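Nothing here was measured: the structure is a model prediction, and the numbers come from that model. Values reported hereafter were calculated over all heavy atoms of this structure, with side chains retained and with hydrogens, waters and symmetry mates removed.
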Amino acid sequence: GVKFFDFEFAGWDDPAKAASDFVLQPRVQARLQISPLLAALNYDTRREVQLRCSVLGPLLRLKWTCIMLSVLQSERLDRLLTAHPDTNPNVLTNQRLNRAVAYLREEIHFGLH
């Protein structure tokens, strides 16, 4: 079957997590349906993965929101400002807050929830 090697965590990834993360990743401009990502799986496996996606989707969406809001942690903000010293911290924080609000307002179904 289809396997996905996730170099970020250096191990095998659950296809439901990989597909959900791909669809929900905030920087992906074009929202995709999840079904093409799972099309290579046989019917029974696909149904099982889609069920797991419906459970994982809302949790992973919360994860991406927390990543966007990580700028609210002073340590994270300091690291970002060290990497980009010309950045205004108030502007950066407001951009992240606005991005998180827009992301949460966006209706994302994609068979996930």
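- In this structure, the separation between CG on N42 and CD on E48 is 9.5 Å, given to the nearest 0.5 Å.
- Side chain of S20 to backbone of K17: no donor-acceptor contact under 3.5 angstrom is found.
- Taking OG1 of T87 as the reference point, atom CG of L81 lies at 6.5 Å (rounded to 0.5 Å).
- One finds the CG atom of D21 at 10.0 Å from the SG atom of C53 (value rounded to the nearest 0.5 Å).
- D44 places none of its side-chain heavy atoms less than 4.5 Å from the side chain of R47.
- With values rounded to the nearest 0.5 angstrom, L24 atom CG is found 11.0 Å from L62 atom CG.
- Across all their heavy atoms, P58 and S54 have their closest contact at CD-O, 3.4 Å.
- What you find for L56 and A16 is that their closest heavy atoms are CD1-CB, 3.9 Å.
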For this session: Verify side chain to side chain contact (heavy atoms under 4.5 Å, CB included) between Q95 and V91, making sure each step is shown before the conclusion.
Result: CA-CA 6 Å; Q95 286 173 339; V91 171; 3.7 Å; yes
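- Residue pairs meeting the salt bridge (Lys or Arg N to Asp or Glu O under 4.0 Å) criterion with at least one member in residues 89-99, sequence neighbours excluded, do not occur.
- Ionic pairing of E75 and R79 is not present here: no N-O contact between side-chain nitrogen and carboxylate oxygen is shorter than 4.0 angstrom.
- Contact between L69 and A100 at its shortest, heavy atoms only, is CD2-CB, 3.7 Å.
- In this structure, OG1 in T93 is found 6.5 Å from CG in L72, a value given to the nearest 0.5 Å.
- The two atoms that bring R61 and Y103 nearest to each other are NH2-O, 2.6 Å, heavy atoms only.
- F22 and L41 fall within a single hydrophobic cluster, where Ile, Leu, Val, Met, Phe, Trp and Tyr side chains are chained together by heavy-atom contacts under 4.5 Å.
- In this structure, CE on M68 lies 6.5 Å from CG on L104, to the nearest 0.5 angstrom.
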